[in-house]
Amino acid sequence: MTTITVEGSHRISQAAERGILALDVAAHGPDRDEVVTRHRMLHEEVAGIARDRRRSNVAAAFEIGSPWAWTDPTGPDPQRPAPVHHVTSTITITYTDLAALAAGVSAFAARADLGVQPVHWALSDESREGLLDAARGLAVQDAVRRARSYAAAILPGVVAEPTLLSVTERQVHGGGPGVPMLARADSGVAQFSAPEIEVEAAIVATFEL
């Protein structure tokens, strides 16, 4: 008996279904109470927008982070400016409507009191698992094809079907952020074209010949 060990892999891609937008809500200044109040009002405003996006079904979810604060203290030099107080938080909105996402990015980016992080692209959990299931099956088929190729080389002229003994999952890649196509509409509002999200399954399979 001869043992054949091969790898099998397969990749499948699908257009992203969700755009995850993280917003940095921050306030800074020398007056601590004023900074705290200004941040609270801005935080509540953006949190309200996130809730509205979810209620209107253009977003699948949102996450409202807790504020955190720190102070740049005064040093021993009397010429140094007074302490600067900072309060910041992050609010994340998971959009399923790309038009709403593009409009949100344009509107938020125009505000000096908000920081807009790069959009992270993703699939729904159901789509991701469905693609991975398909990729796993095709990875096994790839391994079978390779094993048959080796069998033909080992026993030239003999029709021999390798028997599958074991399969070990080597790697499952559930999709990276992707690279979106970004265009500027005549209205000045950014428009996104969802990037392709790739999933991959790779296995090590052992056959007996």
Scan for salt bridge (Lys or Arg N to Asp or Glu O under 4.0 Å) pairs involving [range], sequence neighbours excluded, and state none if there are none.
{"range": "residues 139-162", "value": "D142-R145, D142-R146, R148-E161"}
{"range": "residues 109-122", "value": "E45-R111, R111-D113"}
{"range": "residues 46-56", "value": "D52-R55"}

Do any side-chain atoms of residues 7-15 form donor-acceptor pairs under 3.5 angstrom with protein atoms, and if so which ones, sequence neighbours left out?
from, atom 1, to, atom 2, distance (Å)
S13, OG, E196, OE1, 3.3
Q14, NE2, E17, OE2, 3.3

* Asked: Do any N or O atoms from the side chain of S127 and from the backbone of L123 form a donor-acceptor pair under 3.5 angstrom?
  ->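 Checked: no pair found.
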* Asked: Do side-chain atoms of T206 reach the backbone of L165 as a donor and acceptor pair under 3.5 angstrom?
  ->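 A pair under 3.5 Å: no.
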Is [X] isolated, or which residues cluster with it under the ILVMFWY side-chain rule of less than 4.5 Å, directly or via members?
{"X": "V159", "value": "none"}
{"X": "V87", "value": "V35, V36"}
{"X": "V204", "value": "none"}
{"X": "W70", "value": "W68"}

* Got a sec, which residues hit salt bridge (Lys or Arg N to Asp or Glu O under 4.0 Å) with E63, two or more places apart in sequence or on another chain? ->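 None.
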* Asked: Considering residues at least two apart in sequence or located in another chain, which fulfil the ring pair (Phe, Tyr, Trp, His ring centres under 6.0 Å) criterion with H28?
  ->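 Partners of H28 by the ring pair (Phe, Tyr, Trp, His ring centres under 6.0 Å) criterion, ordered by chain and then number, come out as H86.
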* H85: what forms a ring pair (Phe, Tyr, Trp, His ring centres under 6.0 Å) with it, not counting sequence neighbours? ->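 For H85 there are no ring pair (Phe, Tyr, Trp, His ring centres under 6.0 Å) partners, ignoring immediate neighbours.
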* R18: side chain to side chain contact (heavy atoms under 4.5 Å, CB included) partners, not counting sequence neighbours ->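 By the side chain to side chain contact (heavy atoms under 4.5 Å, CB included) rule, R18 matches A60, T94, T96, S124.
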* Flag yes if I93 and L114 sit in one hydrophobic cluster, no otherwise; membership is Ile, Leu, Val, Met, Phe, Trp, Tyr, and two members link when side-chain heavy atoms are under 4.5 Å apart. =>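 In one cluster with I93: L114, yes.
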